[in-house]
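Remember, it's 1-based here, ligands and their atoms both numbered in the order they're listed. Fair warning: this is a prediction, and the values are worked out from it, not measured in the lab. Hydrogens, waters and symmetry mates are skipped; everything else that's a heavy atom, side chains included, is used.
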Amino acid sequence: MGCRLPRAALELDRDTAQSWCVTWIRIPSTESYDVAVVGAGIVGLAHAAWALDAGLRVLLLERDQRAVGASVRNFGHVCVTGQAGELRELATIARQRWLDLGRRAGLAVRETGGVVVARGSDELAVLEELSGRGHEGLGLLTAAQVRQRLGGCGADDIVGGAELGCDLRVDPRVAAHRLAAWLADQPGVDVLFRTNYLGFDGDTVHTSRGGARCQRVIVCVGHDLDYLYPELAETHDVARCALQMARVQAPGGVVIDPAVLTATSLLRYSAFAGTDAAQALRARVAAARPDLLDIEANVMLTQRPDGTLIIGDSHHTEPTTDVFLSEHTSDTLHRAICEVLGVDQLNVHERWQGVYASSPRGDYLVAELGDRVSVRVVTAGVGMTIAFGLAQRHFPGAGA
Ligand SMILES: Cc1cc2nc3c(=O)[nH]c(=O)nc-3n(C[C@H](O)[C@H](O)[C@H](O)COP(=O)(O)OP(=O)(O)OC[C@H]3O[C@@H](n4cnc5c(N)ncnc54)[C@H](O)[C@@H]3O)c2cc1C
């Protein structure tokens with residue numbers, strides 16, 4: 001039998017950059033919901049926002065006081081241009097949704113695009129092959145144009161590059177929190193933080209604060225799927241991919257608007273990695289920079305509104321994440337970023353580990369447990385890029 005949720009304070013967090021600071025107290029206004037969404041990372045937020053636009057009454061549950069998972073630890077790079085096939089379709093829908101929700105929620109979604117820095121002819125060959133196929137949004141750049149997009153800095157050996165015109169950027173320290181705050185403000189939506197989802201019996205969603213009646217549940221808990229549904233996680237080989245990251249001072253106060261990708265990025269994102277030329281590039285990087293492939297690096301950076309640079313990343317996948325950060329991995333990444341920017345050293349402000357769900361079986365996991373519980377997990381490092389597209393499929397008529 002359904003029971004009423006106890007009065008719970010909703011405290012939406014401060015942005016750590018302290019550009020805004022809001023605390024709301026909200027008591028659930030309705031006793032029963034059409035849908036409960038579990039997890040206030042970008043995947044849960046995307047589903048809650050589409051549910052809202054479908055005219056449903058929504059309960060969003062987040063176990064932490066504020067989301068602190070993958071969705072706030074990333075680069076904030078909506079990497080549309082680098083995707084191919086189905087991912088590109090999802091990313092294209094998501095791009096439009098980011099722009100739409102950005103306007104509605106007062107979130108800065110910047111159409112800065114991205115830039116690929118090419119420092120070898122084999123890197124250029126990947127970009128030229130894609131450009132030759134008319135890949136949408138990709139435009140070749142000269143070395144001088146790449147340097148201009150890097151704010152005037154850059155390695156001496158840059159030979160050219162490409163503009164990724166469809167890419168967007170958001171500040172990852174703000175985006176998820178701003179969207180949650182906006183959702184909490186919408187009629188028909190209740191958001192409960194510090195509320196752990198325990199399960200659903202077909203009538204009542206059970207939480208660490210009691211129960212609420214609802215029609216159905218969408219579980220968007222990322223890599224913690226195994227805590228709730230271990231058999232599903234095991235069946236789909238869902239593991240944790242840990243990434244080492246840092247925030248550094250921008251050398252000389254340089255302003256770099258686009259997201260910056262490099263040779264290792266060309267080996268990861270599907271549009272680049274799917275070219276014929278990528279094979280030769282992989283062989284060369286394996287021979288010349290085994291240190292980067294050893295840590296599965298994607299050497300890239302984005303700039304935050306305060307001017308600091310988010311740099312990364314490495315990848316290490318296992319079911320349970322090791323808690324110890326490797327100084328060797330950090331050093332390798334920092335050296336690689338220094339090389340790209342053509343600087344001797346970086347002044348590090350923070351280091352952290354990000355973790356996302358990973359599976360060798362595909363880029364996302366969509367599962368129905370009975371007819372009332374849906375599971376949605378992005379199982380690759382593209383959640384900021386595709387989550388809104390994936391969520392739209394759950395509510396095909398929403399916002400029409
Ligand atoms: C370092 C790093 C860099 C990345 N860079 C990019 C990038 O630039 N572009 C891109 O597209 N993608 C990027 N990604 C991937 C992207 O961040 C993830 O795919 C995406 O954030 C996953 O979103 P999520 O909502 O599934 O997970 P999360 O953000 O981890 O959210 C899951 C939420 O569920 C909550 N939760 C878990 N269990 C419960 C429960 N029982 N009850 C209630 N709440 C629960 C958690 O507290 C958490 O807040 C990056 C990832 C990392 C780690």
Side-chain angles (χ1 to χ4, degrees), residues 13 36-48 59-80 82-83 87 90-91 94-95 98 114 167-172 175-177 179-180 191-200 205-209 217-229 238 240-247 259-261 265 268-269 298 300-302 310-316 321 333 351-358 363-365 375-391:
D13 75 297
V37 178
V38 185
I42 200 63
V43 177
L45 292 165
H47 283 82
L59 176 64
L60 177 61
L61 300 169
E62 167 56 49
R63 75 172 169 208
D64 280 313
Q65 186 187 13
R66 62 183 186 280
V68 290
S71 303
V72 298
R73 303 184 196 193
N74 61 43
F75 291 98
H77 177 210
V78 182
C79 182
V80 180
Q83 310 301 335
L87 286 190
L90 292 169
R95 181 182 197 279
W98 270 113
D167 293 15
L168 303 174
R169 285 208 302 106
V170 295
D171 184 354
H177 307 321
L179 289 174
V191 185
L192 287 178
F193 284 83
R194 286 189 281 178
T195 306
N196 200 32
Y197 167 76
L198 302 173
F200 181 58
V205 58
H206 297 281
T207 83
S208 50
R209 293 183 185 275
V217 176
I218 308 175
V219 178
C220 308
V221 296
H223 55 79
D224 287 341
L225 180 69
D226 58 347
Y227 293 171
L228 289 169
Y229 301 106
V238 177
R240 290 176 171 78
C241 182
L243 296 76
Q244 286 192 209
M245 304 283 286
R247 188 169 68 87
V260 179
L261 306 186
S265 318
R268 296 194 74 84
Y269 296 105
N298 174 12
M300 63 170 287
L301 64 92
T302 55
I310 299 177
I311 67 166
D313 56 20
S314 57
H315 297 80
H316 181 75
T321 304
L333 288 170
R351 300 178 206 274
W352 66 96
Q353 183 185 61
V355 181
Y356 65 68
S358 159
D363 297 312
Y364 57 82
L365 163 58
V375 173
R376 298 288 183 269
V377 180
V378 174
T379 49
V382 290
M384 299 295 275
T385 304
I386 68 163
F388 286 111
L390 197 61

Minimum heavy-atom separation for [X] to [Y], with atom names?
| X | Y | result |
| --- | --- | --- |
| W352 | A246 | CZ3-C, 3.5 Å |
| S358 | C241 | CB-CB, 3.8 Å |
| A242 | Q353 | CB-NE2, 3.5 Å |

Who's the nearest protein heavy-atom neighbour of [atom], and how far?
| atom | result |
| --- | --- |
| atom 42 (N) of ligand 1 | Y197 N, 2.9 Å |
| atom 24 (P) of ligand 1 | V43 CG2, 3.7 Å |
| atom 43 (C) of ligand 1 | R63 N, 3.2 Å |
| atom 34 (O) of ligand 1 | G39 CA, 3.4 Å |
| atom 50 (C) of ligand 1 | N74 CB, 3.4 Å |
| atom 9 (N) of ligand 1 | H77 O, 2.7 Å |
| atom 49 (O) of ligand 1 | E62 OE1, 2.7 Å |
| atom 12 (N) of ligand 1 | G381 O, 3.1 Å |

Consider only side-chain N and O atoms of H315 and N298, and report whether a donor and an acceptor are under 3.5 Å apart.
-> no

Relative to ligand 1, is [X] under 4.0 angstrom through side chain, backbone, both or neither, heavy atoms considered?
| X | value |
| --- | --- |
| T195 | backbone |
| C220 | backbone |
| C79 | neither |
| T385 | both |
| V355 | backbone |

Nearest heavy atom to atom 36 (N) of ligand 1: which of N196, L60, V221 does it belong to?
->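 Selected option, by shortest heavy-atom distance: V221.
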
Considering the heavy atoms of [X], write down every atom of ligand 1 situated less than 4.0 Å from one of them.
| X | value |
| --- | --- |
| S71 | 20 (C), 21 (O), 23 (O), 24 (P), 25 (O), 28 (P), 29 (O) |
| V382 | 10 (C), 11 (O), 12 (N), 15 (C) |
| G354 | 53 (C) |
| G222 | 26 (O) |
| M245 | 1 (C) |
| R73 | 1 (C), 2 (C) |
| Y356 | 51 (C), 52 (C), 53 (C) |
| L243 | 1 (C), 2 (C), 53 (C) |

Looking at [atom1] of [X] and [atom2] of [Y], how far apart are the two atoms once the value is rounded to the nearest 0.5 Å?
| X | Y | atom1 | atom2 | answer |
| --- | --- | --- | --- | --- |
| F193 | Q65 | CZ | CD | 9.0 Å |
| T207 | N196 | OG1 | CG | 8.0 Å |
| I310 | T302 | CD1 | OG1 | 4.0 Å |
| F75 | M245 | CZ | CE | 3.5 Å |
| H223 | Y356 | NE2 | OH | 11.5 Å |

Purely on distance, is any nitrogen or oxygen of [X] under 3.5 Å from one on ligand 1?
| X | answer |
| --- | --- |
| G383 | yes |
| G69 | no |
| D313 | no |
| M300 | no |
| A70 | yes |

Ignoring hydrogens and geometry, is there a side-chain-to-backbone donor-acceptor pair from [X] to [Y] under 3.5 Å?
| X | Y | result |
| --- | --- | --- |
| S71 | G41 | no |
| T195 | R209 | no |
| D167 | V80 | yes |

According to the interplanar angle, ranging from 0 to 90°, do the rings of Y197 and Y229 count as parallel (below 30°), tilted (30 to 60°) or perpendicular (above 60°)?
-> tilted

Can you name the side-chain contact (heavy atoms from CB on, under 4.5 Å) partners of N74, sequence neighbours left out?
-> P172, M384

Look at ligand 1 and say whether P172 reaches it with a heavy atom at a distance under 4.0 Å.
-> no

Salt bridge (charged side-chain N to carboxylate O under 4.0 Å, His left out) contacts in which one or both residues fall within residues 69-78, not counting sequence neighbours | none

When L192, D224, V38 are each screened for side-chain contact (heavy atoms from CB on, under 4.5 Å) with R63, the one that passes is D224

